[in-house]
There are 2 protein chains.
Amino acid sequence: MARDGTATRDRILDSAMQLVMDKGYGGMTVDQVIAGAGITKGAFFHHFKTKSDLAQALLERYVRLDDELLHELVARAEKLSHDPLQQYLIFVGLLEEALRSPAESPPGCLVASYVYQLELFPPDTREAVINSFNEWRRVLCPKLDAALAKQKTKLPITSEQLYDNLMSLFEGGVIMSRLYRQGATLADQVAQHKNYVELLFGQHD
Amino acid sequence: MARDGTATRDRILDSAMQLVMDKGYGGMTVDQVIAGAGITKGAFFHHFKTKSDLAQALLERYVRLDDELLHELVARAEKLSHDPLQQYLIFVGLLEEALRSPAESPPGCLVASYVYQLELFPPDTREAVINSFNEWRRVLCPKLDAALAKQKTKLPITSEQLYDNLMSLFEGGVIMSRLYRQGATLADQVAQHKNYVELLFGQHD
DNA sequence: CGAGACATACCGACTGGTCGGTATGTCAAT
DNA sequence: ATTGACATACCGACCAGTCGGTATGTCTCG
């Protein structure tokens with residue numbers, strides 16, 4: 001191997017990430033990407049065969065970091081309690097904490113952005129996005145199922161609906177946070193999901 | 001006036017609406033719009049000065065229909081009860097009902113789509129989007145404030161946070177519904193917001 | 001050790017096609 | 001006859017992607 005190109009590749013991905021968040025994939029040009037990364041067209045097409053190849057790489061990196069965060073928070077929650085409901089509530093609390101910290105990346109979910117432009121991508125992109133959601137589902141629903149089996153809730157509910165509730169609040173919270181430019185809104189909504197689950201399980205009577 | 005062009009104008013808007021939902025504004029070309037509307041370039045630029053003029057008209061129409069739905073549902077809810085909390089809960093129930101009906105348009109919120117491409121639009125587009133959200137806030141928060149003044153909730157909460165909860169669940173629910181292609185997810189999440197408010201106000205003890 | 005063969009990283013001018021937008025004309029209804 | 005509602009032909013800018021070439025590193029073998 002010759003010179004190490006990973007730094008350049010990362011800078012391309014960073015530049016593209018910001019542009020996709022601000023303009024969408026269809027509204028972003030590769031000239032803008034290379035300008036943001038401070039490189040040239042030759043370098044870009046050395047690292048990515050096509051623009052849509054970049055889109056796929058961007059999604060892969062995003063999903064990978066997302067999964068890492070998920071598993072890290074779950075592992076921490078599992079160490080803090082053995083009860084599945086408490087593990088779930090602690091996990092949501094840790095997620096809220098992570099979103100509240102100012103160091104966290106500016107609000108914006110690549111997956112949500114792609115969902116509103118799915119026709120620009122090949123069909124397997126949709127599947128990759130679904131798989132990304134399903135990973136969270138695979139990890140979290142068993143906790144909720146265990147809690148539901150152990151205790152009756154105040155209202156009839158399924159683990160899938162509660163999972164969808166968390167995901168909806170997250171994605172919707174991102175939109176609100178982006179629009180109003182205050183990240184606290186997102187963290188507040190994740191906190192309210194915790195409230196909701198606690199109330200359902202009668203933790204505040 | 002010569003021939004009536006409003007039908008053509010509406011067909012352009014309809015075609016553009018579908019394209020924006022599938023590809024985003026930046027990923028949509030006016031050639032695609034005119035192909036979908038079955039007209040020519042001359043007709044398009046007769047009705048809209050520029051592509052971004054179309055974007056603005058699209059947003060205006062969307063917000064207008066959105067506001068009409070809001071006020072219709074609120075008026076119906078106000079006729080069904082005099083208690084502010086009940087009015088709010090009935091309103092959310094009517095909204096759920098409207099979203100559950102199959103006649104309702106396929107899931108997709110133009111406002112959310114714009115939020116993920118704000119840099120493609122002039123700054124006043126963001127303000128128009130914010131105003132759209134604030135109209136719902138202006139109508140719904142007083143109901144919640146009246147309810148909060150009358151009765152203590154099980155957990156501390158503000159009307160703004162509850163309003164954000166409804167909006168987040170709506171926008172996030174749209175994303176989930178779009179991705180999984182089942183509209184029930186969206187209606188389910190609106191229903192869960194109702195659950196949450198009811199639990200907060202101790203309606204299930 | 002050193003030279004040269006080779007692979008990867010990167011550059012920037014160039015290309016074919018598509019983009020948003022315009023110029024000009026025709027037709028229908030008043 | 002005039003005006004608004006379209007259609008057709010066309011333009012320059014910009015788009016994604018290509019290509020010939022250079023710079024810089026590693027590996028091999030004498």
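A, B, ... follow the sequence lines: proteins, then strands. Residue 1 opens every chain.
- Rounded to a whole Å, the CZ atom of A/F44 is 16 Å from the C1' atom of C/dG12.
- The separation between A/I39 atom CD1 and C/dG12 atom P is 11 Å, rounded to whole Å.
- Checking side-chain atoms of B/S15 against main-chain N and O of B/R11 turns up no donor-acceptor pair under 3.5 Å.
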Would B/Y88 and B/H193 count as a ring-ring contact (aromatic ring centres under 6.0 Å, His included) if you check the C-alpha gap in whole Å, the side-chain angles of each, and the deciding distance to 0.1 Å?
-> CA-CA 11 Å; B/Y88 182 81; B/H193 173 73; 5.8 Å; yes
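- If you measure from atom CD1 of B/I12 to atom C1' of D/dA5, you get 11 Å, rounded to the nearest angstrom.
- Taking only distance into account, the side chain of B/K41 meets the base of C/dG20 through a donor-acceptor pair shorter than 3.5 Å.
- Between A/H46 and C/dA9 there is a side-chain N or O to OP1 or OP2 distance below 4.0 Å.
- Relative orientation of the A/F121 and A/Y114 rings is parallel, given thresholds of 30° and 60° on the angle between their planes.
- The cationic group of A/K51 does not satisfy the cation-pi geometry with A/F45, failing either the under 6.0 Å distance to the six-membered ring centre or the 45° limit from the ring axis.
- An OP1 or OP2 oxygen of C/dG20 is reached within less than 4.0 angstrom by no side-chain nitrogen or oxygen of B/T50.
- Taking atom NZ of residue B/K23 and atom P of nucleotide C/dC19, one finds them 9 Å apart after rounding to whole Å.
- Put simply, B/H47 has no side-chain N or O that comes within less than 4.0 Å of OP1 or OP2 on D/dG4.
- Look at CG on A/D31: it is 8 Å from C1' on D/dC14, rounded to the nearest Å.
- Comparing atom distances between the B/T40 side chain and each of D/dG17, C/dG20, D/dA7 picks out D/dA7 as nearest.
- Using a 4.0 Å heavy-atom cutoff across all strands shown, B/T29 reaches sugar-phosphate atoms only and no base atom.
- B/F45 has its CZ atom 10 Å from the C1' atom of C/dC19, to the nearest Å.
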Hey, mind stepping through B/N165 and A/Q189 against side chain to side chain donor-acceptor pair (under 3.5 Å) and telling me if it holds?
-> CA-CA 6 Å; B/N165 187 256; A/Q189 291 310 313; 3.0 Å; yes
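- In this structure, CG of B/L120 is placed 14 Å from C1' of C/dG20, rounded to the nearest angstrom.
- The NZ atom of B/K51 sits 8 Å away from the P atom of C/dG21 (whole-angstrom rounding).
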